[in-house]
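Both backbone and side-chain heavy atoms feed into the values below; hydrogens, waters and symmetry mates do not. Order of the sequence lines fixes the chain letters, A, B, ..., with proteins taken first and strands second; residue numbering starts at 1 for each chain. This structure is a prediction, so every number in the text was calculated from the model and none was measured.
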There are 2 protein chains.
Amino acid sequence: MSEERPTLRTTARSLPIALLRARETVMGPIREMLAKSGISEQKWRVLRVLDEVGPVEQTAIADAACLLLPSLTRILSAMEKDGYLVRRTDDTDRRKSIVELTEAGRALIARHAEESNAIMTRLERRFGEGKVTKLLDLLDELRASGSER
Amino acid sequence: MSEERPTLRTTARSLPIALLRARETVMGPIREMLAKSGISEQKWRVLRVLDEVGPVEQTAIADAACLLLPSLTRILSAMEKDGYLVRRTDDTDRRKSIVELTEAGRALIARHAEESNAIMTRLERRFGEGKVTKLLDLLDELRASGSER
DNA sequence: TATTGTTATACTCTATAACTATA
DNA sequence: TATAGTTATAGAGTATAACAATA
């Protein structure tokens, strides 16, 4: 049969689809964990970013947590109302607002840290620790190469 | 300082976050491509799955395209209305409905295949073809290990 | 009784543009 | 003029449960 049209790669060899499928595989137990405290994936990412980098402006959070600024505005408002973080105007540039975790925010993270680590450790045992490391390295490099040219 | 609470991995070493960030990096040019024909990421995944596996029941599509069945129902209805696919009741099990691409659906894929491949090729050149292969292999294995045990 | 898919509902996130205030 | 963040709005996806048809 004469096949004229260009052929796409199989979905298993499509990077965006493979990344999504792999993520869905990994997210299962984490979703269960988060569901228990009624916190969304997006809020959990924001919490982790804040925990990692400390007080920071919103554009940086949006980039690190893969959220658009309008989404982030809404999420931060809700989380501030719930007492997990505070926003204050930056001293040197009053357009910026700096976001910072409260003690309650840090406590929320702490409550989940152990289980989160256990989930990751279990995955490493099943999938292979070396492979996880290799995979994370490649993902980092891929992300970095996206910023180039 | 005495740090008592358990520590989380950095977000760069969190598999779900790293997978998401990498995906966002890769999706940029693809989103631009799809935006031109007003087709969502989710619809594009459905098209590719159907193109790859042929006529198939909806549960299988949902799994392969990482969509919940209620979402898929709505998406398929819209795509059927647009003439890209048809649904027919399975002969041997009348609970199932088999979904199949129409000629218009295949044409839609064909219109994007060349550009989609070009985007992927460009990424391979920048990031390294070997690394892409290695990454896809690892993602496949990860996905497979999720089904185990 | 279990499974396949649909419908209903409430919620959340996405995407874009317009806007405010600061620089 | 440009940037940081907010607000508005429309649209789409997520998640859960309840349901109909079929097995």
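- Judged by distance alone with a 3.5 Å cut-off, no donor-acceptor contact links the side chain of R94(A) to the base of dT22(C).
- Note on residues 75-84 of chain A: pairs passing salt bridge (charged side-chain N to carboxylate O under 4.0 Å, His left out), not counting sequence neighbours, are E80(A)-R87(A).
- In summary, contact between chain B and DNA chain D, defined as any nucleotide atom under 4.0 Å from a heavy atom of the protein, begins and ends at dG13(D) to dA23(D) in the 5' to 3' direction.
- A straight line from CG of D93(B) to P of dG5(C) spans 8 Å, rounded to a whole angstrom.
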Using distance only, find each side-chain donor-acceptor pair of residues 53-71 of chain A under 3.5 Å and give its atom names and separation, not counting sequence neighbours.
{"residue": "E57(A)", "atom": "OE1", "partner": "K96(A)", "partner atom": "NZ", "Å": "3.4"}
{"residue": "Q58(A)", "atom": "NE2", "partner": "S97(A)", "partner atom": "OG", "Å": "2.6"}

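- Within the structure, the ring pair (Phe, Tyr, Trp, His ring centres under 6.0 Å) test picks out no pair touching residues 79-102 of chain B (sequence neighbours left out).
- Residues L142(A) and T25(B) approach most closely at O-CG2, 3.8 Å, considering heavy atoms.
- Applying the ring pair (Phe, Tyr, Trp, His ring centres under 6.0 Å) test to residues at least two apart or on different chains, none of the pairs has a partner in residues 7-39 of chain B.
- Considering only residues two or more places apart in sequence or on other chains, R94(A) meets the salt bridge (Lys or Arg N to Asp or Glu O under 4.0 Å) condition with none of them.
- Every residue was checked against the side-chain hydrogen bond (donor to acceptor under 3.5 Å, both in side chains) condition with E129(A), not counting sequence neighbours, and none meets it.
- For E124(A), the side-chain hydrogen bond (donor to acceptor under 3.5 Å, both in side chains) partners two or more places apart in sequence, or in a different chain, are R9(B).
- Among pairs with a residue in residues 6-58 of chain B, those fulfilling ring pair (Phe, Tyr, Trp, His ring centres under 6.0 Å) read W44(B)-H112(B), at least two apart in sequence or across chains.
- Of the two residues contacting DNA chain D, namely E57(A) and T92(B), the nearest-nucleotide position lying further toward the 5' end is that of E57(A).
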One character per nucleotide, please: for nucleotides 6-15 of chain C, 5' to 3', B when the base has a protein heavy atom closer than 4.0 Å, S when only the sugar-phosphate does, - otherwise.
BBB----BBB
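- Note on the helix from dT1(C)-dA23(D) to dA23(C)-dT1(D): angle between the axes of the first and last five pairs equals 0°, rounded to 10 degrees.
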Please list, one pair per line, the donor and acceptor atoms closer than 3.5 Å that link side chains of residues 27-34 of chain B to other protein atoms, with sequence neighbours excluded.
{"residue": "R31(B)", "atom": "NE", "partner": "E41(B)", "partner atom": "OE2", "Å": "2.6"}
{"residue": "R31(B)", "atom": "NH1", "partner": "E24(B)", "partner atom": "OE1", "Å": "3.4"}
{"residue": "R31(B)", "atom": "NH2", "partner": "E24(B)", "partner atom": "OE2", "Å": "3.2"}
{"residue": "R31(B)", "atom": "NH2", "partner": "E41(B)", "partner atom": "OE2", "Å": "2.9"}

